[in-house]
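Worksheet: the structure to be examined is printed underneath.
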Amino acid sequence: MQGSEHLIFMHPLWVIVVDYVLGLAMWTLIGRTAMGLFLPENSSFFFMRFFVQATNPLLAAFRPITPSFLVEPLVPLYVAWFFFMIRFYLMPWLLGYSVMGMLSFPLESDIAIWLYQTFGAGS
């Protein structure tokens, strides 16, 4: 099988869609944290503006369970951790798997497959 065709047979489509949405939210929060190390939150740089606009609703939703002692630049990373935990523990448990394993996340698995096909052996 080529590329990500294997995911169609391994998981129902709704699992792939939910994982992609959760994964994109998680990586966007991580991106905001990383960009926040170098740029202020109100920066005019378009990537930082995107990260802030895309993640502010998530940060607001998680505000009630975010500890007040956290340093503000690390709050997006704290929220990203919840998305990771949902993807790594809750989704496999809901699907009846005991363990998913390394690179089992469909989003990251597709990216890894694409990177290997693009830059891997034989290229």
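All values derive from a computational prediction rather than experimental measurement.
- By the rule that hydrophobic residues join a cluster once side-chain heavy atoms approach within less than 4.5 Å of another member, F51 and L74 end up as members of separate clusters.
- Rounded to the nearest 0.5 angstrom, Q53 CD and F46 CZ are separated by 13.0 Å.
- Counting heavy-atom neighbours within 6.0 Å of F45 CZ, excluding the residue itself, gives a total above 12.
- By the side chain to side chain contact (heavy atoms under 4.5 Å, CB included) test, P57 pairs with no residue at all, sequence neighbours left out.
- Listed by chain and residue number, L107, L115 satisfy the side chain to side chain contact (heavy atoms under 4.5 Å, CB included) test with I111 (two or more places apart in sequence, or in another chain).
- Interatomic distance, CG of L90 versus CZ of F84, reported as 13.0 Å (0.5 Å rounding).
- With sequence neighbours left out, the side chain to side chain contact (heavy atoms under 4.5 Å, CB included) criterion links P40 to N42, S43.
- In the hydrophobic clustering of ILVMFWY residues, with side-chain heavy atoms under 4.5 Å counting as a link, W14 and I86 come out together.
- Linking Ile, Leu, Val, Met, Phe, Trp and Tyr residues whenever their side-chain heavy atoms come within less than 4.5 Å places I65 and L22 in a single cluster.
- If you chain together hydrophobic residues whose side chains sit under 4.5 Å apart, M85 and V18 fall into the same group.
- Side-chain contact between M26 and F82 is absent, with no heavy-atom pair separated by less than 4.5 Å.
- Residues satisfying the ring pair (Phe, Tyr, Trp, His ring centres under 6.0 Å) test with F50, not counting sequence neighbours, are none.
- The closest side-chain heavy-atom distance from L37 to P73 is not below 4.5 Å.
- Not counting sequence neighbours, the partners of F83 by the ring pair (Phe, Tyr, Trp, His ring centres under 6.0 Å) test are F62.
- Not counting sequence neighbours, the partners of R63 by the salt bridge (charged side-chain N to carboxylate O under 4.0 Å, His left out) test are E72.
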Item to check | From CA spacing to verdict: side chain to side chain contact (heavy atoms under 4.5 Å, CB included), L29, L59 | outcome: CA-CA 9 Å; L29 287 158; L59 297 178; 3.9 Å; yes

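- Residues meeting the side chain to side chain contact (heavy atoms under 4.5 Å, CB included) test with V52, sequence neighbours left out: R32, E41, M48, N56.
- F47 and L58 are assigned to two separate hydrophobic clusters, defined by single-linkage of ILVMFWY side chains at heavy-atom distances under 4.5 Å.
- At least one donor-acceptor pair closer than 3.5 Å links the side chain of T33 to the backbone N or O of L77.
- The side chain to side chain donor-acceptor pair (under 3.5 Å) search around W114 returns T118, not counting sequence neighbours.
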